[in-house]
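Read the structure below first, then the notes.
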Number of protein chains: 2
Amino acid sequence: MQNAPRKARNSATSTRRKSAAVTIHEVAQRAGVSPMTVSRVVNGNANVRAATRELVMRTVRELNYTPNAAARSLAAASGTRIALIYTNPSSAYLSELLVGALDGASKAATQLVLDTWDHMTRATERAAARKIAQSVAGVILPPPLCESKAVCSELVAAGIPVVAIASGRFQPDISGVRIDDFRAAQEMTDHLISFGHSRIAFIKGHPNQTASALRYEGFQAAMAAAGVPVDPTLVQQGFFTYRSGLEAAEKLLARKKPPTAIFASNDDMAAAAVSVAHRRGMDVPRDISVVGFDDTPTATTVWPELTTIRQPIAAMAASSIDLLLRSIRRRKDGEARVVVDHVVAHVLVKRDSVAAPGPG
Amino acid sequence: MQNAPRKARNSATSTRRKSAAVTIHEVAQRAGVSPMTVSRVVNGNANVRAATRELVMRTVRELNYTPNAAARSLAAASGTRIALIYTNPSSAYLSELLVGALDGASKAATQLVLDTWDHMTRATERAAARKIAQSVAGVILPPPLCESKAVCSELVAAGIPVVAIASGRFQPDISGVRIDDFRAAQEMTDHLISFGHSRIAFIKGHPNQTASALRYEGFQAAMAAAGVPVDPTLVQQGFFTYRSGLEAAEKLLARKKPPTAIFASNDDMAAAAVSVAHRRGMDVPRDISVVGFDDTPTATTVWPELTTIRQPIAAMAASSIDLLLRSIRRRKDGEARVVVDHVVAHVLVKRDSVAAPGPG
DNA sequence: AGCGTAGTTGATAGCGCTATCAAAATTCAA
DNA sequence: TTGAATTTTGATAGCGCTATCAACTACGCT
């Protein structure tokens, strides 16, 4: 005699369509526990005996069970929405950021919402932060927003998890996913030095981002380590824009004794440097080497293609979503806020904008 | 005596949390109809008397009712997911496309999924199309994918609604959201002519996209209308890439009698033309005018900023989502497939890359 | 032994919506 | 007019999951 189901939930007469997906009930039945217990295990709730948890997890894996996001958010009355807030929509890596975030979100069956904050004062930023905190369960903050104390503190105060992406430095109160800007800049500088360059110019990034400082520090450290003096007149302030790169490069190349290489803090400024060099009749890389940072589309658009540092923005965005989701779940269970700093690997991409300096 | 609710659905003892949002029941009660009728009206089902529909719609507006997406997709057992498929991830307007699509999707509480199809043969494209058709309810196709007969026909055969975005020409079997490329190119040409240019060069777009042909035809039509002959040696083939623009511009400016203006079929190629001009010691726009198309970030990155045609990609993407959602609903009700061609307005953005030709 | 106290588990009742089918209202043909 | 075909509406029963609380374990403690 077969053991009859405890309750015929899908009575024989039910004509309702049914998706083919495996449900929590099937897992429960197979594991010999109640659906509620499965739910608890799947959601990482603490109050389940270790043995039971093991059993359920194994069954989940066997049946390849995936929770139905719609049912979940309906029952929990909490649409797990995550906001990605950005300023400066023309930022070159926005599309990669979006692709990554969207990918992570759809894998986790989470709704991703976008919010643009442009031309905001500190006060309106605070207000906006308070407002968004009420409609989403977590926030991803790319630079330069993640550097804003006002925004971060407001979000933290509202109690929602925040992940700073590509912020240069680890911040004690919010989680972050980033590369090691210092090391990356160091490697790039070493790369230039290994080609025989010593008169290396540096175009700094926007001073409102910690990554800018770190990249500069990495440059300095590598130069110092190689015993190559940094000529302070060869260090120009930039602001991550093409225009600022144009101005900086102009000053650099107008000198009587121009540098043999320019290390720009991002690709847009590097592209500008290439343009200025061309306008002055110089060939890249024969007469001057130029390198960038970030590996945005710009790097492969210009000619010659730029040697640069690849920041895996898409992957970083996807893992931000994961991080956030875990925090959200933890928070719901009343556990303490956990802050993590996730440093991912960068890559030095060698292309055609670097060569050994000429005999001059 | 108050009229008692027909059924106390939230009994006095229910301690369950309840989101503040207005539900279909409240609308139904206020309108004096059943929830089912409200559902039908909201979903555009045909079998509702006009008077009833009116009443319900008014009530919906009064209460500012928005359907709960989670409940909807749970009940309908159909996660309304929409796929945005793209090739060529470095396409300059991808980020705008994503922003728009995401915006539209989150407003409609729809899950947007991304799919990248790169380096595919016609056969693998077909297979991929068949596969995606099983997991989503609708597809958005940007160029050049929307030009692929194989992909379109496969998707159409699978019976899922498709919207081609920014495809040049209206295709009879799938819906489209686009600008009028012909007219836009015409206007841009007129703009150039109005400055006094007559030796106008044209860099064509990639031949695999109908928009390319339309832009060229618009250029020709405007020239003909103004009685300005088109010098065939001043028309170069490009492929929408910076590199191809470089080569085309190089040929154009190497001529003994170079053009006084270059109309490139997109911004990347226009930027390349500016770069070539600079390298040859020419000033833009004093010595030569350069215009682009699309108004991608590139247009405002280079110096001088490019006069170009703005295609409202974000808005187009958002309305693609709407279009798709409507088709999906219609299809579910067993109605016939409807194909629409939505042409949105473009804008001629005047910036700093155009001036009257010199006396030379 | 007797009785709390904390740790586990399960039964129940919805979350807000829609598929389904039956009932009611309407239209149309004869 | 009347019966049948048609359209419009509503009652019912879930979709798959989780909040809630009751029940049922252990494990100490007086």
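A note on names: the letters A, B, ... follow the listed sequences, proteins ahead of strands, and every chain is numbered from 1. Just so you know, these numbers come straight off a predicted model, no measurement behind them.
At least one side-chain nitrogen or oxygen of Asn43(A) sits closer than 4.0 Å to the OP1 or OP2 atom of dT18(D). Dashed line: the shortest gap from a side-chain N or O of Ser34(A) to OP1 or OP2 of dA11(C) is not under 4.0 Å. Between dG10(D) and Thr37(B), a contact under 4.0 Å exists linking OP1 or OP2 to a side-chain N or O. Close to dG16(D), at under 4.0 Å from its OP1 or OP2, lies no side-chain N or O of Thr23(A).
You'll find that the side chain of Ala75(B) is closest to dT18(C), out of dT9(C), dG16(D), dT18(C). Comparing dA11(D), dC17(C), dC17(D) by their nearest atom to the side chain of Met36(B) picks out dA11(D). With dG10(D), dT8(D), dT8(C) as the candidates, the nucleotide lying closest to the side chain of Asn47(A) is dT8(C). For Arg40(A), taking side-chain heavy atoms from C-beta onward, the closest of the listed nucleotides dG10(D), dT9(C), dT18(D) is dT9(C). The side chain of Ser39(A) lies closest to dT18(D) when the candidates are dG10(C), dT18(C), dT18(D). In this structure, of dT9(C), dC17(C), dT18(D), it is dT9(C) that holds the atom nearest to the side chain of Val48(A).
Between Ile165(B) and Cys146(B) the shortest side-chain heavy-atom distance does not fall below 4.5 Å. For the pair Val339(B) and Ile174(B), the minimum side-chain heavy-atom distance is 4.5 Å or more. In this structure, the side chains of Leu102(B) and Leu98(A) come closer than 4.5 Å at one or more pairs of heavy atoms.
In this structure, Arg72(A) atom CZ and dC15(D) atom C1' are separated by 16 Å, rounded to whole Å. Nucleotide dA11(C) holds its C1' atom 16 Å from the CD atom of Gln29(A), rounded to whole Å. Spacing between atom CG of Asn68(B) and atom C1' of dG16(C) amounts to 6 Å, rounded to whole angstrom units. The nearest whole Å value for the distance from the CD atom in Glu54(B) to the C1' atom in dT8(D) is 17 Å. Rounded to whole Å, the distance from CZ on Arg53(A) to C1' on dG7(C) is 13 Å. Distance CG (Leu74(B)) to P (dC15(D)): 9 Å, rounded to an integer number of Å. Rounded to an integer number of Å, the gap from Tyr65(A) OH to dG16(D) P is 10 Å.
Between Arg49(A) and Ile24(A), it is Ile24(A) whose nearest contact on DNA chain D lies nearer the 5' terminus. Heavy-atom distances to DNA chain C give each of Ala50(A) and Ala71(B) a nearest nucleotide, and the one nearer the 5′ end belongs to Ala50(A).
At least one donor-acceptor pair closer than 3.5 Å links the side chain of Glu26(B) to the backbone N or O of Thr23(B).
Of the options Val41(B), Val27(B), Val56(B), Thr59(B), a side chain to side chain contact (heavy atoms under 4.5 Å, CB included) to Val33(B) is made by Val56(B) and by none of the others.
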